[in-house]
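The structure appears below as structure tokens.
Note that the numbering runs from 1 along the sequence shown for the chain.
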Amino acid sequence: MCWFIVTYSIAIRTLGRAGEKFRIELESIAAQTVQPEKVIVYIAEGYPRPEITVGKEEYVWVKKGMVAQRAIRYDEISSDCVLLLDDDVRLAPDSVEKLLMALEENDLDCVGADVFKNQEMPIAVKLKAAVSNWVFPHYDKRWAFKMHRTGAFSYNKNPESRCYMSQSCGGPTMLWRKTALLGTHLEDEMWMDNLSFSYGDDALISYKLFMNGGRLGVLYGSGVDNLDAGSFSSAFKKSPDRIHVIAKANLMIWWRSIYRNGTDTFGSRFLAALCFGSKVIWQSVGMVVLSAMRLSPGIALSFFRGIRDGVKSSRSEPFAALPPYVR
């Protein structure tokens with residue numbers, strides 16, 4: 001077992017509905033070779049505490065929301081680092097040890113675990129992501145994930161089991177230095193919780209750290225598995241309004257983080273609009289074809305409404321009044 005100068009505590013966001021998968025997570029925390037100082041479960045107000053008890057976890061009720069349940073001051077935690085977890089991940093016994101080592105050895109402000117494993121997806125899934133969202137693999141050995149002016153990301157095609165620098169990362173498992181976590185001002189991004197689902201919140205938050213000069217990494221081979229209880233997203237996946245919400249969220253995220261991020265110029269906005277607009281045109285054609293194939297014009301209409309509503313919301317006074325994405 002390795003000993004570290006930095007200390008850490010764990011913060012889990014939940015609605016308390018993950019059931020057995022939450023138990024598996026708590027048991028995996030109890031088995032860590034480097035134990036946390038505290039395990040705080042931030043549960044949404046109005047939801048009952050799960051009956052599951054494994055170790056020294058404490059419960060704190062906070063405002064409900066994918067962003068709201070992380071955009072807090074963490075006053076209960078005095079550790080140097082905070083390991084943010086969703087309620088449906090399983091850690092290998094040495095996962096936190098590996099994350100701490102990656103954080104210290106690479107002088108990072110945050111390191112995420114590669115839980116979604118894009119590079120290992122079946123070819124059919126990769127093709128769907130490329131055609132529908134312009135999510136492609138890249139061959140740049142310096143980076144895990146890269147963000148682009150289209151608002152889409154690219155992923156390392158063939159990473160080794162080590163830590164890579166990154167421009168964004170997934171949110172189920174993220175080890176932050178507490179000072180960097182508070183300094184990223186997650187509270188400024190709580191506008192996402194006004195959507196019916198905070199689609200893309202993890203990318204928005206992690207990219208914000210990168211854009212503000214923070215050092216972000218992604219650790220491959222961490223031993224973290226995403227059990228995907230879907231306690232937040234199960235209802236969203238079944239929602240007939242899903243296409244509308246995704247289109248609207250994608251546009252607003254692009255607008256805030258790329259188009260009008262606080263360091264934008266006329267030239268940068270022109271290039272960003274050209275790139276994002278090209279993607280929207282491509283997606284529009286795809287949505288029309290899909291609607292025709294399924295004899296369901298509502299598919300394309302939902303997409304177009306999402307783009308329209310995203311533009312409208314992005315130009316609204318409350319959205320424009322948000323503190324700059326890049327400070």
Qualifying side chain to side chain donor-acceptor pair (under 3.5 Å) pairs, either residue in residues 38-47, two or more places apart | Y42-E76, Y47-K64
Using atom types as modelled and distance alone, determine if a side-chain donor or acceptor of S9 lies under 3.5 Å from a backbone N or O of P36.
-> no
Compute the centroid of each ring, for Y164 and then for Y220, and state whether the two points are separated by less than 6.0 Å.
-> yes
How long is the gap from CG on L100 to NZ on K98, to the nearest 0.5 Å?
-> 13.0 Å
Please confirm whether the backbone N or O of D88 pairs with a side-chain atom of D86, one donor and one acceptor, at under 3.5 Å?
-> no
Is there a side-chain contact between N118 and F145, using heavy atoms and a 4.5 Å cut-off?
-> yes
How many angstroms lie between atom CG of D309 and atom CE of M252, to the nearest 0.5 angstrom?
-> 10.0 Å
Pairs involving residues 310-327, ordered by first then second residue, that meet side chain to side chain donor-acceptor pair (under 3.5 Å) (sequence neighbours left out) = D188-R327
Find the distance between CG (D201) and CG (D193) and round it off to the nearest 0.5 Å.
-> 7.5 Å
Sorted by chain and number, sequence neighbours left out, ring-ring contact (aromatic ring centres under 6.0 Å, His included) with F22 holds for none
Distance in Å, E189 CD paired with L322 CG, rounded so as to fall on 0.5 Å steps | 7.0 Å
Quick one: does R177's side chain get under 4.5 Å of C110's, heavy atoms only?
-> no
Quick one: side-chain hydrogen bond (donor to acceptor under 3.5 Å, both in side chains) partners of E58, sequence neighbours excluded?
-> none
Under the salt bridge (charged side-chain N to carboxylate O under 4.0 Å, His left out) test, residues paired with D114 that sit two or more places apart | none
Close side-chain approach of L209 and W176, heavy atoms under 4.5 Å = yes
Check: S154/H138 side-chain N/O donor and acceptor closer than 3.5 Å = yes
Considering residues at least two apart in sequence or located in another chain, which fulfil the side-chain hydrogen bond (donor to acceptor under 3.5 Å, both in side chains) criterion with R215?
-> none
Are I258 and H148 close enough, and set up right, to give a side-chain contact (heavy atoms from CB on, under 4.5 Å), and what steps lead you there?
-> CA-CA 9 Å; I258 298 172; H148 302 278; over 6 Å; no
Does some side-chain heavy atom of L182 sit less than 4.5 Å from a side-chain heavy atom of Y74?
-> yes
Contacts of E25 that satisfy salt bridge (charged side-chain N to carboxylate O under 4.0 Å, His left out) - sequence neighbours left out | none
Distance-only, no hydrogens or angles: does the D202 side chain make a donor-acceptor pair with backbone N or O of G171 under 3.5 Å?
-> yes
Spell out, as yes or no, whether a donor-acceptor pair under 3.5 Å connects the side chain of Q119 to the backbone of N158.
-> no
Who are the salt bridge (charged side-chain N to carboxylate O under 4.0 Å, His left out) partners of E20, not counting sequence neighbours?
-> R23
Is a donor on one side and an acceptor on the other found under 3.5 Å between the side chain of N156 and the backbone of W143?
-> yes
If the plane angle is over 60° it's perpendicular, under 30° parallel, otherwise tilted; pick one for F270 and F266.
-> parallel
Keeping the roles fixed (side chain from Y199, backbone from L195), state whether a donor-acceptor pair exists under 3.5 Å.
-> no
Over all heavy atoms of both residues, which pair between G200 and M192 is shortest? Give the atoms and the distance, please.
-> C-CE, 4.2 Å
Approximate separation, where rounding is to 0.5 Å, of H244 NE2 and S196 OG | 8.5 Å
Kindly list each side-chain donor-acceptor pair under 3.5 angstrom involving residues 280-301, sequence neighbours excluded, with atom names and distances?
{"from": "W282", "atom 1": "NE1", "to": "V131", "atom 2": "O", "distance (Å)": "2.7"}
{"from": "Q283", "atom 1": "NE2", "to": "S132", "atom 2": "O", "distance (Å)": "2.9"}
{"from": "S284", "atom 1": "OG", "to": "V280", "atom 2": "O", "distance (Å)": "2.7"}
{"from": "S291", "atom 1": "OG", "to": "M287", "atom 2": "O", "distance (Å)": "3.0"}
{"from": "S291", "atom 1": "OG", "to": "S296", "atom 2": "O", "distance (Å)": "3.1"}
{"from": "S291", "atom 1": "OG", "to": "A300", "atom 2": "N", "distance (Å)": "2.9"}

Sub-3.5 Å donor-acceptor pair from the side chain of K208 to the main-chain atoms of V326, do we have one?
-> no
Are any side-chain N or O atoms of K178 and backbone N or O atoms of I77, one a donor and one an acceptor, separated by less than 3.5 Å?
-> yes
Residue pairs fulfilling salt bridge (charged side-chain N to carboxylate O under 4.0 Å, His left out) with at least one residue in residues 135-157, sequence neighbours excluded = D140-R142, D140-K146
Pairs where residues 158-175 contributes a residue and the test salt bridge (charged side-chain N to carboxylate O under 4.0 Å, His left out) is met, not counting sequence neighbours | E160-R162
Sequence-distant partners of N212, side-chain hydrogen bond (donor to acceptor under 3.5 Å, both in side chains), two or more places apart | none
Report the C-alpha separation of Y8 and D80 in whole Å, then their side-chain angles, then the decisive distance to 0.1 Å, and conclude whether the side-chain contact (heavy atoms from CB on, under 4.5 Å) test is met.
-> CA-CA 6 Å; Y8 85 101; D80 302 313; over 6 Å; no
Would you call V62 and V60 a side-chain contact if the rule is heavy atoms closer than 4.5 Å?
-> yes
Within-4.5 Å side-chain heavy-atom neighbours: F276 and L251 | yes
Around atom NZ of K63, are there more than 12 heavy atoms of other residues, nucleotides or ligands at under 6.0 Å?
-> no
Take I10 and I40, measure what side-chain contact (heavy atoms from CB on, under 4.5 Å) needs, and give me the verdict at the end.
-> CA-CA 6 Å; I10 292 176; I40 309 294; over 6 Å; no
Under the side-chain contact (heavy atoms from CB on, under 4.5 Å) criterion, do V39 and I12 qualify, and how do the steps go?
-> CA-CA 8 Å; V39 179; I12 304 172; 4.2 Å; yes
Taking atom types as modelled, find out whether D94 and T33 have a side-chain donor-acceptor pair closer than 3.5 angstrom.
-> no
With distance as the sole test, does Q35 use its side chain to make a donor-acceptor pair with the main-chain N or O of I29 at under 3.5 Å?
-> yes
Please examine the side chains of M174 and S206, heavy atoms only from C-beta on, and report whether any two atoms are closer than 4.5 Å.
-> yes
Looking at side-chain heavy atoms only, is the closest gap between W61 and I43 below 4.5 Å?
-> yes
Side-chain (S166) to main-chain (G217) donor-acceptor, under 3.5 angstrom = no
Output for pair (K248 NZ, F303 CZ), nearest 0.5 Å, gives 14.5 Å
